[in-house]
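One structure is given here, and the rest of the page talks about it.
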Amino acid sequence: MAESFGIDAARYDRARPRYPEALVRRIVADRPGLDVLDVGCGTGIAARQFQAAGCRVHGVEPDARMAEIARQSGTEVDVAAFEDWDPAGRTFDAVVAATAWHWIDPAVGTAQAARALRPGGLLAMFWNVFQLPADVAEAVAGVCHRVLPDAPFDFTAMTQGTPDVYRPVLDGAAEGIRERDDFGEPEQWQYAWEWTYTRDAWLDQMPTFGAFTRVPPDALTEVLTGVGSALDALGGSFTMHYTTAAVVGRRGGTP
């Protein structure tokens, strides 16, 4: 599934949410010009935000289709799985992973990050966790269960997400840091925010979720048609509640 998001990379880049500017500023900490390694950079969504904050960003991305879009916006990208990536002597002030670290072996990934980080550098792994309004969540899950009854996903859990749903992922990322003696104790940050979706904007984003990237086109069309009708009945737009959850560790040593 990790390599299925490039099926429609342009849609992914267009429809996926960005990350809180407060998080970017905290990582950069008013130090423009930092060298940032973006792990699993995808189409460069987070990379562009760090570039806008004055950073130089280099990406690592296993999907060449996603990497090509990131390159179009000026991000240099190595096409490789992070576990196999060779830093070739390059080092960075920060290693970030935006909604990507759960695809990476945490022990191997943290070791790779330690190799790539300069002393005092940050490893920051973060995820956008969404929580649909209850009526929208019920409608979306109902359509998905009807059209895809045998899908290996709990659509109810997916549509009613909270940071607690991501707790195993966050705990795994933190434990990967704790298992190494070259990082300090990891911190966990959270940022709550909201975004209003029109019917069309939400339907544009749904096919980018891992639960749908490998669904047959006819079934996906049926899902989107059903969800679209449900959203029309609910007023045609809704406000999504997001929590961006981050696990952050600092490599030891003096910058």
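Residue indices begin at 1 and follow the sequence shown. Computed from a predicted structure; not experimentally measured.
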Q: Using a 4.5 Å cut-off on heavy atoms from C-beta on, say whether the side chain of Asp218 contacts that of Pro216.
A: no
Side-chain atoms of residues 227-238: list all donor-acceptor pairs with protein atoms under 3.5 Å, sequence neighbours left out, distances to 0.1 Å.
residue : atom : partner : partner atom : Å
Ser229  : OG   : Thr225  : O            : 3.1
Asp232  : OD1  : Arg199  : NE           : 3.0
Asp232  : OD2  : Arg199  : NE           : 3.3

Q) Is Leu203 reachable from Val136 through a run of I, L, V, M, F, W or Y residues, each pair having side-chain heavy atoms under 4.5 Å apart? A) yes
Q. Can you tell me how far CE of Met125 sits from OG1 of Thr99, rounded to the nearest 0.5 angstrom?
A. 12.5 Å
Q) So Tyr166 and His102, would you call those rings parallel, tilted or perpendicular, with 30° and 60° as cut-offs? A) perpendicular
Q | Shortest non-hydrogen separation from Met206 to Leu224 and the atoms involved | A | CB-CD2, 4.0 Å
Q. Between Phe130 and Trp202, what is the ring plane arrangement, given parallel below 30°, perpendicular above 60°, and tilted in between?
A. perpendicular
**Q.** For Arg118, all residues meeting side chain to side chain contact (heavy atoms under 4.5 Å, CB included), sequence neighbours excluded
**A.** Asp35, Thr91, Asp93
Q. Does Phe50 reach the side chain of Val24, with side-chain heavy atoms less than 4.5 Å apart?
A. yes
Q.
If hydrophobic clusters are built from ILVMFWY residues whose side chains come within less than 4.5 Å, do Trp103 and Val79 share one?
A. no
Q) If you group Ile, Leu, Val, Met, Phe, Trp and Tyr by side-chain heavy-atom gaps below 4.5 Å, do Val140 and Trp195 land in one group? A) yes
Q.
Rounded at 0.5 Å granularity, tell me how far CZ in Arg180 sits from CZ in Arg251.
A. 8.5 Å
Q. Sub-3.5 Å donor-acceptor pair from the side chain of Arg115 to the main-chain atoms of Gln112, do we have one?
A. no
Q: Test Thr110 against Phe183 for side-chain contact (heavy atoms from CB on, under 4.5 Å), laying out the working first.
A: CA-CA 10 Å; Thr110 307; Phe183 282 94; 3.9 Å; yes
Q: Report yes if the side chains of Pro17 and Tyr197 come closer than 4.5 Å at any heavy-atom pair, otherwise no.
A: yes
(Q) So, using ring pair (Phe, Tyr, Trp, His ring centres under 6.0 Å) as the criterion, who are the partners of Phe126 when residues are at least two apart? (A) Tyr19
(Q) If hydrophobic clusters are built by linking Ile, Leu, Val, Met, Phe, Trp and Tyr wherever their side-chain heavy atoms come under 4.5 Å apart, do Val169 and Phe82 end up in the same one? (A) yes
Q) Would you say the side-chain atoms of Gln49 pair up with the backbone N or O of Arg18, donor to acceptor, closer than 3.5 Å? A) no
Q) To the nearest 0.5 Å, how far apart are CZ in Arg11 and CG in Asp13? A) 12.5 Å
Enumerate donor-acceptor pairs with a distance under 3.5 Å from any side-chain N or O in residues 67-76 to protein atoms, sequence neighbours excluded.
residue : atom : partner : partner atom : Å
Arg71   : NH2  : Val77   : O            : 2.9
Ser73   : OG   : Ala70   : O            : 2.9
Thr75   : OG1  : Gln51   : NE2          : 3.0

Q | Minimum heavy-atom distance between Val95 and Ala116, given as atom pair plus value | A | CG2-CB, 4.4 Å
Q: Please identify each residue that fulfils ring pair (Phe, Tyr, Trp, His ring centres under 6.0 Å) with Trp193, with sequence neighbours left out.
A: Tyr242
Q | Reported CD-to-CG distance for the pair Glu138 and Leu132, which is rounded to 0.5 angstrom | A | 12.0 Å
**Q.** All side chain to side chain contact (heavy atoms under 4.5 Å, CB included) counterparts of Glu185, not counting sequence neighbours
**A.** Arg178
(Q) How close do Val28 and Ala53 get, counting heavy atoms only, and between which atoms? (A) CG2-CB, 4.2 Å
Q.
What I'd like to find out is whether the side chain of Leu37 reaches to under 4.5 Å of the side chain of Trp85, using heavy atoms alone.
A. yes
(Q) How long is the straight-line distance from CD of Glu187 back to CG of Leu122, given to the nearest 0.5 Å? (A) 8.5 Å
Q.
Test side-chain contact (heavy atoms from CB on, under 4.5 Å) on Val215 and Val223; report intermediate values, then the result.
A. CA-CA 10 Å; Val215 169; Val223 168; 5.7 Å; no
Q: Could you pull out the closest heavy-atom pair between Ala46 and Ala98, with the gap in Å?
A: CB-CB, 3.7 Å
Q. Could you state the interatomic distance from CE (Met66) to OG1 (Thr43), rounded to the nearest 0.5 Å?
A. 5.0 Å
Q: Check Leu23 against Ala246 and note the closest heavy-atom contact, atom names and distance.
A: CD1-CB, 4.2 Å
Q.
Donor-acceptor pair, distance only, cut-off 3.5 Å: does the side chain of Arg56 make one with the backbone of Gly54?
A. no
**Q.** Shortest non-hydrogen separation from Pro20 to Tyr191 and the atoms involved
**A.** CG-CB, 4.0 Å
Q.
Could you walk me through whether Tyr12 and Arg65 satisfy the side-chain contact (heavy atoms from CB on, under 4.5 Å) test, starting with their C-alpha distance in whole Å, then the side-chain angles of each, then the deciding distance to 0.1 Å, before giving a yes or no?
A. CA-CA 11 Å; Tyr12 187 101; Arg65 299 164 297 184; over 6 Å; no
Q.
Less than 4.5 Å apart, side chain to side chain, heavy atoms only: is that true for Trp127 and Leu170?
A. yes
**Q.** Minimum side-chain heavy-atom gap Phe212-Cys144 below 4.5 Å
**A.** yes
(Q) Keeping Glu61 on the side-chain end and Gly42 on the backbone end, is there a donor-acceptor pair under 3.5 Å? (A) yes
